[in-house]
Amino acid sequence: MQVKIRRIFSKLNNHYGLQKWWPARSSFEVMVGAILTQNTAWTNVEKAIQALRKHSVLSPYKICLLPHNDLAALVRPSGYFNQKAKRLKILSDWFISRGGLRGLKKIETLQLRSELLLLHGIGPETADDMLLYALERPVFVIDAYTRRLFSRCGLIVGDEGYDFLRLSVEQSLKSNIHDMKEFHALIVTHAKEHCQKKPVCKACALIGVCNFYKQKKKEAQIEF
DNA sequence: ACCCAGGGTCATA
DNA sequence: TATGACCATGGG
(Lines give C-alpha, C1' and ligand atoms only; values in the text may rest on other atoms or scores of the structure.)
Protein backbone atom coordinates (compact mmCIF):
# COMPACT_ATOMS: atom_id res chain seq x y z
CA MET A 1 0.00 0.00 0.00
CA GLN A 2 2.63 2.54 1.06
CA VAL A 3 4.92 1.52 -1.77
CA LYS A 4 2.12 1.63 -4.32
CA ILE A 5 1.10 5.09 -3.20
CA ARG A 6 4.64 6.35 -3.58
CA ARG A 7 4.86 4.73 -6.99
CA ILE A 8 1.70 6.44 -8.20
CA PHE A 9 2.97 9.78 -6.92
CA SER A 10 6.28 9.25 -8.65
CA LYS A 11 4.72 8.39 -11.99
CA LEU A 12 2.30 11.29 -11.96
CA ASN A 13 5.09 13.62 -10.92
CA ASN A 14 7.40 12.46 -13.69
CA HIS A 15 4.66 12.88 -16.27
CA TYR A 16 3.05 16.15 -15.30
CA GLY A 17 5.84 17.93 -13.48
CA LEU A 18 5.56 20.64 -10.86
CA GLN A 19 2.01 21.85 -10.22
CA LYS A 20 2.55 24.75 -7.81
CA TRP A 21 -0.81 24.61 -6.09
CA TRP A 22 -2.97 26.24 -4.69
CA PRO A 23 -3.58 29.05 -7.24
CA ALA A 24 -4.36 32.03 -4.99
CA ARG A 25 -2.87 35.33 -3.87
CA SER A 26 -3.32 34.84 -0.15
CA SER A 27 -4.04 32.25 2.49
CA PHE A 28 -7.50 33.64 3.03
CA GLU A 29 -8.19 33.38 -0.69
CA VAL A 30 -7.25 29.71 -0.53
CA MET A 31 -9.84 29.21 2.20
CA VAL A 32 -12.49 31.05 0.20
CA GLY A 33 -11.66 28.96 -2.85
CA ALA A 34 -11.89 25.76 -0.81
CA ILE A 35 -15.50 26.56 0.06
CA LEU A 36 -16.45 27.82 -3.37
CA THR A 37 -15.09 24.73 -5.12
CA GLN A 38 -17.29 22.32 -3.17
CA ASN A 39 -18.81 20.05 -5.81
CA THR A 40 -18.15 22.74 -8.39
CA ALA A 41 -15.93 23.14 -11.45
CA TRP A 42 -12.93 25.36 -10.77
CA THR A 43 -13.65 27.55 -13.80
CA ASN A 44 -16.85 28.64 -12.08
CA VAL A 45 -14.98 29.32 -8.86
CA GLU A 46 -12.58 31.61 -10.69
CA LYS A 47 -15.46 33.77 -11.86
CA ALA A 48 -16.70 34.13 -8.31
CA ILE A 49 -13.22 34.96 -7.01
CA GLN A 50 -12.79 37.57 -9.74
CA ALA A 51 -16.09 39.13 -8.77
CA LEU A 52 -15.05 39.29 -5.11
CA ARG A 53 -11.75 40.84 -6.12
CA LYS A 54 -13.35 43.33 -8.47
CA HIS A 55 -15.55 44.57 -5.65
CA SER A 56 -12.65 44.56 -3.20
CA VAL A 57 -14.34 42.28 -0.70
CA LEU A 58 -11.85 39.42 -0.70
CA SER A 59 -11.04 39.81 2.97
CA PRO A 60 -12.65 38.39 6.13
CA TYR A 61 -13.65 41.83 7.39
CA LYS A 62 -15.36 42.89 4.16
CA ILE A 63 -17.17 39.59 3.88
CA CYS A 64 -18.49 39.92 7.43
CA LEU A 65 -19.83 43.39 6.72
CA LEU A 66 -21.28 42.65 3.30
CA PRO A 67 -25.05 41.92 3.29
CA HIS A 68 -25.92 38.31 2.51
CA ASN A 69 -27.68 39.10 -0.75
CA ASP A 70 -24.74 41.11 -2.05
CA LEU A 71 -22.28 38.36 -1.19
CA ALA A 72 -24.53 35.71 -2.71
CA ALA A 73 -24.77 37.73 -5.92
CA LEU A 74 -20.99 37.92 -6.19
CA VAL A 75 -20.40 34.20 -5.70
CA ARG A 76 -23.36 33.27 -7.89
CA PRO A 77 -21.25 31.76 -10.72
CA SER A 78 -19.86 29.11 -8.39
CA GLY A 79 -23.31 27.66 -7.73
CA TYR A 80 -25.05 26.97 -4.40
CA PHE A 81 -24.63 30.70 -3.88
CA ASN A 82 -26.93 31.02 -0.87
CA GLN A 83 -25.19 28.21 1.00
CA LYS A 84 -21.75 29.38 0.05
CA ALA A 85 -22.42 32.98 1.05
CA LYS A 86 -23.38 31.76 4.52
CA ARG A 87 -20.35 29.50 4.71
CA LEU A 88 -18.01 32.31 3.71
CA LYS A 89 -19.43 34.49 6.48
CA ILE A 90 -19.04 31.71 9.03
CA LEU A 91 -15.45 31.16 7.91
CA SER A 92 -14.68 34.88 8.01
CA ASP A 93 -16.16 35.27 11.44
CA TRP A 94 -14.08 32.39 12.76
CA PHE A 95 -10.96 33.66 10.96
CA ILE A 96 -11.24 37.02 12.69
CA SER A 97 -12.20 35.61 16.08
CA ARG A 98 -9.09 33.41 16.07
CA GLY A 99 -6.83 36.39 15.49
CA GLY A 100 -6.42 36.27 11.73
CA LEU A 101 -3.56 34.49 9.99
CA ARG A 102 -1.13 35.42 12.74
CA GLY A 103 -3.37 33.89 15.36
CA LEU A 104 -4.01 30.75 13.35
CA LYS A 105 -0.29 30.08 12.96
CA LYS A 106 0.02 29.62 16.72
CA ILE A 107 -2.61 26.89 16.90
CA GLU A 108 -1.73 23.19 16.81
CA THR A 109 -2.69 21.35 13.64
CA LEU A 110 -5.10 18.90 15.27
CA GLN A 111 -6.78 21.68 17.23
CA LEU A 112 -7.09 23.72 14.04
CA ARG A 113 -8.58 20.79 12.17
CA SER A 114 -11.20 20.03 14.80
CA GLU A 115 -12.19 23.70 14.96
CA LEU A 116 -12.60 23.88 11.19
CA LEU A 117 -14.73 20.74 11.20
CA LEU A 118 -17.06 22.32 13.72
CA LEU A 119 -17.81 25.18 11.33
CA HIS A 120 -21.11 24.67 9.54
CA GLY A 121 -20.41 23.88 5.90
CA ILE A 122 -16.82 22.76 6.30
CA GLY A 123 -16.26 19.02 6.03
CA PRO A 124 -13.08 16.91 5.91
CA GLU A 125 -11.97 17.79 2.38
CA THR A 126 -12.58 21.50 2.70
CA ALA A 127 -10.85 21.62 6.08
CA ASP A 128 -7.85 19.71 4.77
CA ASP A 129 -7.59 21.94 1.70
CA MET A 130 -7.30 24.86 4.09
CA LEU A 131 -4.86 23.13 6.42
CA LEU A 132 -2.50 22.03 3.66
CA TYR A 133 -2.63 24.91 1.20
CA ALA A 134 -3.50 27.92 3.34
CA LEU A 135 -1.91 27.03 6.66
CA GLU A 136 1.01 24.86 5.52
CA ARG A 137 0.16 21.89 7.71
CA PRO A 138 1.18 18.29 6.88
CA VAL A 139 -2.36 17.10 6.10
CA PHE A 140 -3.35 15.28 2.93
CA VAL A 141 -6.60 15.95 1.08
CA ILE A 142 -8.80 13.03 0.08
CA ASP A 143 -11.28 13.81 -2.67
CA ALA A 144 -13.45 11.82 -5.06
CA TYR A 145 -10.58 11.68 -7.58
CA THR A 146 -8.22 10.16 -5.04
CA ARG A 147 -10.73 7.47 -4.15
CA ARG A 148 -11.40 6.72 -7.79
CA LEU A 149 -7.74 6.53 -8.69
CA PHE A 150 -6.81 4.35 -5.72
CA SER A 151 -9.78 2.15 -6.45
CA ARG A 152 -8.81 1.72 -10.08
CA CYS A 153 -5.28 0.92 -9.03
CA GLY A 154 -6.60 -1.78 -6.77
CA LEU A 155 -5.30 -0.17 -3.59
CA ILE A 156 -8.69 0.06 -1.96
CA VAL A 157 -12.13 -1.48 -2.16
CA GLY A 158 -13.92 1.83 -2.03
CA ASP A 159 -15.63 2.00 1.32
CA GLU A 160 -12.56 2.91 3.37
CA GLY A 161 -13.05 5.82 5.72
CA TYR A 162 -11.74 9.29 4.98
CA ASP A 163 -9.18 9.36 7.75
CA PHE A 164 -7.81 5.93 6.90
CA LEU A 165 -6.98 7.10 3.39
CA ARG A 166 -5.65 10.44 4.60
CA LEU A 167 -3.33 8.81 7.14
CA SER A 168 -2.18 6.24 4.59
CA VAL A 169 -1.00 8.93 2.20
CA GLU A 170 0.45 11.06 4.96
CA GLN A 171 2.54 8.12 6.11
CA SER A 172 3.54 7.22 2.57
CA LEU A 173 4.80 10.73 1.94
CA LYS A 174 6.28 10.97 5.44
CA SER A 175 4.30 14.15 6.15
CA ASN A 176 6.30 16.08 3.57
CA ILE A 177 4.16 19.18 2.97
CA HIS A 178 5.56 19.95 -0.47
CA ASP A 179 4.98 16.40 -1.69
CA MET A 180 1.44 16.31 -0.30
CA LYS A 181 0.60 19.59 -2.04
CA GLU A 182 1.96 18.25 -5.29
CA PHE A 183 0.35 14.82 -5.03
CA HIS A 184 -3.16 16.13 -4.51
CA ALA A 185 -2.69 18.63 -7.33
CA LEU A 186 -1.34 15.91 -9.62
CA ILE A 187 -4.31 13.66 -8.92
CA VAL A 188 -6.72 16.45 -9.83
CA THR A 189 -4.78 17.41 -12.94
CA HIS A 190 -4.62 13.82 -14.10
CA ALA A 191 -8.32 13.25 -13.50
CA LYS A 192 -9.38 16.44 -15.23
CA GLU A 193 -7.23 15.97 -18.29
CA HIS A 194 -7.66 12.31 -18.96
CA CYS A 195 -10.05 10.36 -16.84
CA GLN A 196 -13.34 12.01 -17.66
CA LYS A 197 -15.77 11.15 -20.38
CA LYS A 198 -13.34 9.11 -22.37
CA PRO A 199 -13.86 5.46 -23.23
CA VAL A 200 -10.18 4.79 -22.86
CA CYS A 201 -7.81 6.73 -20.69
CA LYS A 202 -4.66 6.95 -22.79
CA ALA A 203 -2.79 8.86 -20.13
CA CYS A 204 -3.36 6.14 -17.58
CA ALA A 205 -1.89 3.56 -19.90
CA LEU A 206 0.91 5.88 -20.95
CA ILE A 207 1.83 6.79 -17.42
CA GLY A 208 1.16 3.32 -16.15
CA VAL A 209 -0.81 4.63 -13.25
CA CYS A 210 -4.13 2.86 -13.35
CA ASN A 211 -4.81 1.45 -16.82
CA PHE A 212 -8.50 1.79 -16.35
CA TYR A 213 -11.02 1.67 -19.09
CA LYS A 214 -14.75 1.94 -19.31
CA GLN A 215 -17.34 -0.37 -20.73
CA LYS A 216 -20.78 1.06 -21.30
CA LYS A 217 -20.64 3.48 -18.39
CA LYS A 218 -19.30 0.80 -16.07
CA GLU A 219 -15.72 0.96 -14.99
CA ALA A 220 -13.52 -2.04 -15.06
CA GLN A 221 -10.42 -2.25 -12.98
CA ILE A 222 -7.15 -3.75 -14.04
CA GLU A 223 -4.52 -4.82 -11.60
CA PHE A 224 -1.87 -2.24 -10.89
C1' DA B 1 -31.35 17.24 -23.02
C1' DC B 2 -28.28 15.12 -19.97
C1' DC B 3 -24.18 14.64 -17.07
C1' DC B 4 -20.79 16.26 -14.29
C1' DA B 5 -18.00 19.35 -11.32
C1' DG B 6 -11.57 19.80 -6.61
C1' DG B 7 -18.77 18.48 -0.93
C1' DG B 8 -21.65 19.00 2.99
C1' DT B 9 -25.93 18.86 5.63
C1' DC B 10 -30.23 17.14 6.88
C1' DA B 11 -34.26 13.95 7.11
C1' DT B 12 -35.58 9.43 7.07
C1' DA B 13 -35.43 4.11 7.96
C1' DT C 1 -24.92 3.60 9.33
C1' DA C 2 -26.64 4.18 5.21
C1' DT C 3 -29.08 5.95 1.59
C1' DG C 4 -31.57 10.03 -0.71
C1' DA C 5 -32.82 14.92 -1.31
C1' DC C 6 -31.15 19.20 -1.63
C1' DC C 7 -28.28 23.03 -2.83
C1' DA C 8 -27.40 25.80 -8.41
C1' DT C 9 -24.27 27.45 -11.98
C1' DG C 10 -21.75 26.60 -16.32
C1' DG C 11 -19.36 23.62 -19.70
C1' DG C 12 -19.06 19.36 -22.37
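Just so it is clear: chains get the letters A, B, ... in the order the sequence lines come, proteins before strands, and each one is counted from 1. Keep in mind the model is a prediction, meaning the values are calculated, not measured. The analysis underlying the following values was restricted to heavy atoms, covering all of them including side chains, and did not include hydrogens, waters or symmetry mates.
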Interatomic distance at P, dG12(C) relative to dG6(B), whole Å
13 Å

Quick one: K84(A) NZ to dT9(C) P, roughly how many Å, whole number?
11 Å

Please measure how far the P atom in dC3(B) lies from the corresponding atom in dG4(C), and state the result in whole Å.
16 Å

Given dG6(B), dA8(C), dG11(C), identify the nucleotide with an atom nearest to the side chain of T43(A).
dG11(C)

At under 4.0 Å, does any side-chain N or O of N44(A) touch on OP1 or OP2 of dA5(B)?
no

Could you tell me whether a side-chain N or O of R53(A) sits under 3.5 Å from a main-chain N or O of A51(A), the two making a donor and an acceptor?
no

Under 3.5 Å side-chain donor-acceptor pair for H68(A) and N82(A)
yes

Pairwise side-chain contact, S168(A) with M1(A), heavy-atom cut-off 4.5 Å (strictly under):
yes

With a 3.5 angstrom cut-off on both distances, give the Watson-Crick or G-U wobble partner of dA1(B), or none if there isn't one.
none

What are the atom names and distances for every N/O pair under 3.5 Å that joins the protein to nucleotides 7-9 of chain B?
unit_1 : atom_1 : unit_2  : atom_2 : d
dG7(B) : OP2    : N39(A)  : N      : 3.1
dG7(B) : O5'    : N39(A)  : N      : 3.2
dG7(B) : O4'    : N39(A)  : N      : 3.4
dG7(B) : O3'    : T126(A) : OG1    : 3.4
dG7(B) : O6     : N39(A)  : ND2    : 3.3
dG8(B) : OP1    : G123(A) : N      : 3.0
dG8(B) : OP1    : G123(A) : O      : 3.0
dG8(B) : OP1    : P124(A) : N      : 3.4
dG8(B) : OP1    : E125(A) : N      : 3.3
dG8(B) : OP1    : T126(A) : N      : 3.0
dG8(B) : OP1    : T126(A) : OG1    : 2.9
dT9(B) : OP1    : G121(A) : N      : 3.2

Just by distance, with hydrogens left out, do Q111(A) and E115(A) show a side-chain donor and acceptor under 3.5 Å apart?
yes

Distance check needed: dG6(B) P versus R148(A) CZ, whole Å only.
9 Å

Pairwise P distance for dC4(B) and dA5(C), with rounding to whole Å:
15 Å

Is W42(A) stacked on the base of dA5(B) when the test is centres under 5.5 angstrom and planes under 30 degrees?
no

Rounded to whole angstrom units, what separation is found between the CE atom of M130(A) and the P atom of dG6(B)?
17 Å

d(CG, L132(A); P, dG6(B)) in whole Å:
17 Å

Atom CZ of R166(A) to atom P of dG6(B): distance rounded to whole Å?
22 Å

Under a 3.5 Å cutoff, is there a donor and acceptor pairing between the side chains of S172(A) and R6(A)?
no

Once you round it to whole Å, what is the distance between P of dA5(B) and CD of E46(A)?
17 Å

Donor on one side chain, acceptor on other, D143(A) and T146(A), under 3.5 Å:
yes

Value in whole Å for how far the P atom of dT9(C) lies from CD of Q50(A)
20 Å

Using a heavy-atom cut-off of under 4.0 Å over every strand shown, decide if K47(A) touches base, sugar-phosphate, or nothing.
sugar-phosphate

Over how many whole Å does the gap from K192(A) atom NZ to dG11(C) atom C1' extend?
13 Å

dist L101(A):CG -> K106(A):NZ (nearest 0.5 Å) comes out at 11.0 Å

